[in-house]
Amino acid sequence: MEGEISNADWPVFGWIDDIRPALADAVGAGRPAALATLYKVEGSAPRGPGAQMLFTPGGDGGIAASGYFSGDCIEGDVANHAAQVLADGEPRRLHYGMGSPWIDIRLRCGGALHVLVERLAPGDEAVRALLDHARARRSCTWSSDGAARAVSAEAGALLHLSEDPFRIARRYDPPRRLIVSGGDPGALAAAHLGTLARFETILVRPQGPEAPPPFPVSRYLREEPAEALARLGVDRWTAYLGATHEDHHDLGGCLAALRGGAGYVGMIGARSRAPGRRAALEAQGASGEELAGLHLSPGMPGLGKSPWEVATGIIAEIMRALNPARERA
């Protein structure tokens, strides 16, 4: 099981950065969860304030986890505390590293981590509000002292800490979404990497095969990119990559993404085609401001030209574009 933390030889639960899907699964099953939030860091540390883990009871009596804080230094101990929080409902504030009362747990980086662990009941109104905002693709702020929590539509800093009285406020943005149009090896490599990077990945292939792609995606659509984007909606947490190599497909998708305020809009193709594509978008009404956000021939020079190399550079560009404030924990 991917999220099982007990005696994990391969801790792939640490790949999960957004705890909301696992929380939604727990709520759907009527199970409680323990939410652990890294609220303060002193010195060097692998993750920053705002990083989270979610713990749920496992099927074999163990505990399943999503997320990570330190790359194996403290996750097991946090899981033990989470199990106690699940059992008695009492929140814990944990301190690891410099100044910690637990002398047998030291961080390899030499810093200190402070973690709040709180129990979330499946019927908690704040939990329901948090998931509702995610489904509606709205930012919100989770505020908690460990015992009482609330969600507001206001969106401030990624994490705000009040020491006295103790309370944390953690912002949640809509899940990062990647829409790729196309079906050649380059398009498939970008969509596959997007899925592995935990983007909500949607593959659009106009009149494509009825059989689904040979790897998991959030959705597979066989319509025109412009139609798909109009139906799905676009926001600044959405990236669109036109990769059919056919302008009559990709230009419509690019225009819809630019007008919708997508955080990243790119179109794979030779640099020699860029002026003609830009002119075509201008002819369709794209403004200079909109076109300033268009990436033609995207990727990183020097990585290579194989599908995986090109896709790696594009996904890196997208990650940077969707995090303009460099706030991710």
Side-chain angles (χ1 to χ4, degrees), residues 3 15-39 47-56 65-67 91 116-162 167-179 194-195 197-202 218-219 228-240 257 260-264 318-319 321-329:
W15 286 350
I16 301 168
D17 192 54
D18 185 348
I19 57 87
R20 288 172 294 184
L23 180 58
D25 289 343
V27 168
R31 293 180 296 164
L35 174 64
T37 302
L38 178 60
Y39 66 86
R47 303 297 305 269
Q52 292 184 312
M53 296 186 70
L54 191 82
F55 300 89
T56 54
S66 301
L116 169 67
V117 186
E118 57 188 309
R119 186 182 189 275
L120 307 182
D124 191 300
E125 290 186 7
V127 170
R128 186 183 306 111
L130 176 66
L131 298 178
D132 285 346
H133 279 282
R135 281 188 287 267
R137 298 191 64 78
R138 297 187 300 257
S139 291
C140 67
T141 295
W142 170 279
S143 177
S144 175
D145 62 3
R149 56 203 62 86
V151 169
S152 72
E154 299 176 1
L158 177 62
L159 187 108
H160 174 74
L161 169 65
S162 173
R167 194 165 193 88
I168 63 171
R170 204 275 194 189
R171 189 189 76 232
Y172 288 85
D173 290 325
R176 293 183 301 174
R177 181 170 60 180
L178 170 64
I179 303 172
T195 296
R198 304 288 170 168
F199 283 82
E200 179 187 319
T201 302
I202 300 167
S218 299
R219 299 176 72 177
L229 268 67
R231 188 160 55 81
L232 294 166
V234 178
D235 52 40
R236 72 177 183 88
W237 300 277
T238 298
Y240 171 72
Y264 180 95
I318 289 172
M319 287 180 171
L322 297 190
N323 184 29
R326 300 183 181 180
E327 285 184 296
R328 291 179 66 83

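Here the structure is a predicted model, which is why all the values come from computation and not from measurement.
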Original post:
Do Thr141 and Arg171 get their side chains close enough for a donor-acceptor pair, meaning under 3.5 Å?
Top reply: no

Original post:
Using a distance-only test with no angle check, is there a side-chain donor-acceptor pair under 3.5 angstrom linking Arg167 and Ser143?
Top reply: yes

Side chains of [X] and [Y] in contact at under 4.5 Å (non-hydrogen atoms):
X	Y	answer
Ser139	Pro174	yes
Ile318	Phe199	yes
Leu229	Tyr240	yes
Leu178	Ile202	no
Glu118	Ser144	yes
His133	Tyr172	no
Arg128	Val27	no
Leu130	Arg20	yes

Rounded at 0.5 Å granularity, tell me how far [atom1] in [X] sits from [atom2] in [Y].
X	Y	atom1	atom2	answer
Asp145	Ile168	CG	CD1	9.5 Å
Arg135	Asp132	CZ	CG	5.0 Å
Arg219	Ile179	CZ	CD1	9.5 Å
Asp25	Thr56	CG	OG1	8.5 Å

Can you name the closest pair of heavy atoms from [X] and [Y] and give their distance?
X	Y	value
Ala65	Met53	CB-CE, 4.1 Å
Leu158	Pro49	CD2-O, 3.9 Å
Ala26	Pro32	CB-O, 4.4 Å
Pro91	Leu116	CB-CD1, 4.5 Å
Ala126	Val151	O-CG2, 3.4 Å
Ser66	Ile19	O-CG2, 4.3 Å

Subject >> Side-chain (Arg149) to main-chain (Gly146) donor-acceptor, under 3.5 angstrom >> reply: yes

Original post:
Looking at Arg328 and Asp173, does any basic side-chain N land under 4.0 Å from a carboxylate oxygen?
Top reply: no

**OP:** May I ask you to say whether Arg176 pairs ionically with Glu200, meaning some side-chain N is under 4.0 Å from a carboxylate O?
**Re:** no

Original post:
How far apart are the C-alpha atoms of Asp17 and Arg47, what are their side-chain angles, what is the distance that settles it, and do they pass the salt bridge (charged side-chain N to carboxylate O under 4.0 Å, His left out) test?
Top reply: CA-CA 11 Å; Asp17 192 54; Arg47 303 297 305 269; 2.7 Å; yes

**OP:** Decide side chain to side chain contact (heavy atoms under 4.5 Å, CB included) for Trp142 and Val127; before the verdict, give the C-alpha distance in whole Å, the side-chain angles of both, and the deciding distance to 0.1 Å.
**Re:** CA-CA 9 Å; Trp142 170 279; Val127 170; 4.1 Å; yes

Subject >> Positive for side-chain contact (heavy atoms from CB on, under 4.5 Å) with Gln52, one of Ile16, Leu35, Leu23 >> reply: Leu35

Subject >> Test side-chain contact (heavy atoms from CB on, under 4.5 Å) applied to Arg177 and Leu322, Leu232, Thr201, the passing residue >> reply: Leu232

**OP:** Taking atom CD of Glu327 as the centre, report whether more than 12 heavy atoms of other residues, nucleotides or ligands fall under 6.0 Å from it.
**Re:** yes

